[in-house]
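The block underneath contains the structure these notes are about, expressed in structure tokens.
Predicted, not measured: the structure shown is a model, and the values here were computed from it. In this chain, numbering begins with 1 at the start of the sequence shown. Start at 1 and go down the list; that is how both ligands and their atoms are numbered.
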Amino acid sequence: MTVTIVGSQLGDEGKGRVVDLYSDEADVVVRYQGGDNAGHTVCHSGEEYKLSLVPSGAIRGKVGVLGNGCVINPRTLFDELEMLRERGLEPDVRVAERAHVIMPFHRVLDGIEEDVKSEDDQEVGTTGRGIGPTYEDKAGRRGVRIGDLLDPEVLRERLEYVVPQKRAIADDVYDLDPDDLEAYPNAFDIDALFEEFREYGRRIEREDMAVNAGAFLSDAREAGKRLMLEGAQGTIIDIDHGNYPYVTSSNPTAGGATVGTGLSPGVIGDGEVIGIVKAYLTRVGSGPLPTELAGVEGDTPGYDGDSDPAEEELATYIREAGDEYGTVTGRPRRVGWLDLPMLRHSTRASGFTGLAVNHVDTLAGLDELKVADAYELDGEQLETMPATTEQWADCEPVYRTFDGWDDQDWDVIAEDGYEALPENARTYLEYVSDELDVPIYAIGVGPSREDTIVRERPY
Ligand code: IMP
């Protein structure tokens, strides 16, 4: 059986903790898209682990697989594996031979393109990890795949084709000397890249990490293993269903789970698809956010620090209470009220069979909370998100107000269960569940997985 975990908003919904919670009963935990742009923090036995690539289940002794839909930076992969080994763990991580490799030049080009776009305030605010340029090369049929690292002849052939093109782009388009980059001295040097990446290939071979993901996972499933498919990022930064172009370059939605693993849509659809919801909204990087409170300079479009003091106070309160700073970049996250049109869109795109709502404790202490129940656009009321980003930016939220709840002894509530939640919090949660017509499986009331009210176990 499969359980697929999908972010329903803009990433950072707390997917890691839900994966962590349910993966106890899973045998294999698979990531199906994205790369080391996805920061997640996992607390285990009093220790905190910050990971960006290795599937979090690997901390709990599960087999972790990076599926073919991922883009893999081997430097990050081996750094994270080493860090886990130094801390006494023995992670078992496999990588799909069909997954694409993030090369140093991808990171350089990610940075350059963002710089150029920022001259006209068009930057996406990427994580700078080279994600977009790697997926570009995948679609352009000039990428380097994990399988290529295992074969020196193929690796050299691929590099000899692609590197001169990248050099020309750096030089002719961006007027940058590819041989004079302080942070990445060998990013455009075929021989140096060959040596470094061939060594990663040897290591992948030595550690027996390379797999044909579709076959590996199907065999595991047929042998009765339980699979957990872990999406990174969220629906609204999905390249197809998100607010293009302020998106990541892959598909966090449930469709990505089939394409990015080699398991058929029927297999994914037969399982559970759990939508992870943060009880409010956060966003890293640029792009619209109709329910945003105040703003973050440099990220919120057009924001110059001038905002309503009451909104600023609310945003700061939530940001501090929820520790809303990027795991990968450390940037303060933009904060807004929960947005139901967004969640209706995400539920439709992925077919959620259950929800996990996180950060219910973070909202404690507010007198009242708002939720966008619908949008108003050009005199019309919309129940879900419009398809263009420009229209979305013009949407005015139609708010519904809820009474707040006080801070609680959340440990006790996590132990006592759903009925122990303050009544106003239950009203808020039941409204979300009713509107989406999806049951709530879990409620996060604190940072570690013990701080979770578990109502349903999907396996
Ligand atoms: P990229 O994935 O680095 O190309 O960045 C594209 C957009 O996705 C930017 O707005 C990033 O801030 C956002 N993004 C990428 N990964 C994450 C994540 O794990 N959480 C939240 N936002 C993300």
query: How close does the nearest protein non-hydrogen atom get to atom 23 (C) of ligand 1, and which residue and atom is it?
result: Ile237 CD1, 3.6 Å

field: Protein contact to atom 3 (O) of ligand 1 [nearest heavy atom, distance to 0.1 Å]
entry: Thr127 OG1, 2.6 Å

task: Ignoring angles and geometry beyond distance, decide whether Thr248 reaches within less than 3.5 Å of ligand 1 through its nitrogen or oxygen atoms.
output: yes

query: Who are the ring pair (Phe, Tyr, Trp, His ring centres under 6.0 Å) partners of Tyr428, not counting sequence neighbours?
result: Phe402, Trp405

query: What protein heavy atom is closest to atom 5 (O) of ligand 1, reported as residue, atom name and distance in Å?
result: Thr126 CA, 3.3 Å

- request: Please step through side-chain hydrogen bond (donor to acceptor under 3.5 Å, both in side chains) for the pair Glu272 and Tyr22, ending with a clear verdict.
  value: CA-CA 12 Å; Glu272 296 259 10; Tyr22 290 137; over 6 Å; no

field: Nearest-neighbour protein heavy atom for atom 11 (C) of ligand 1, which is reported as residue plus atom name and distance
entry: Gly125 O, 3.5 Å

query: At a 4.0 Å cut-off, with the gap strictly under it, does some heavy atom of Glu13 reach an atom of ligand 1?
result: no

- line: Sequence neighbours excluded, the answer for ring pair (Phe, Tyr, Trp, His ring centres under 6.0 Å) partners of Tyr317 is none

field: Donor-acceptor contact below 3.5 Å, side chain Thr127 vs main chain Asn37
entry: no

statement: atom 21 (C) of ligand 1 has as its nearest protein heavy atom Asp12 OD2, 3.0 Å

- request: Give the residue and atom name of whichever protein heavy atom lies nearest to atom 6 (C) of ligand 1, and the separation in Å to one decimal.
  value: Val247 O, 3.3 Å

query: Does even one non-hydrogen atom of Arg129 get within less than 4.0 Å of ligand 1?
result: no

Ala38 near ligand 1 by a heavy-atom separation under 4.0 Å: yes

- request: Provide, to 0.1 Å, the distance between atom 12 (O) of ligand 1 and the closest protein heavy atom, together with that atom's residue and name.
  value: Val284 O, 3.1 Å

- request: Flag Tyr246 as yes when one of its N or O atoms lies below 3.5 Å from any N or O atom of ligand 1, and as no otherwise.
  value: no

task: Answer yes or no on whether Lys370 is positioned over the face of Tyr399, meaning its NZ or CZ is under 6.0 Å from the six-membered ring centre and within 45° of the axis.
output: yes

message: Students should be able to answer this: which protein heavy-atom is nearest to atom 17 (C) of ligand 1, and at what distance?
response: Gln233 CG, 3.5 Å

message: Please determine whether any non-hydrogen atom of Asp110 lies less than 4.0 Å from an atom of ligand 1.
response: no

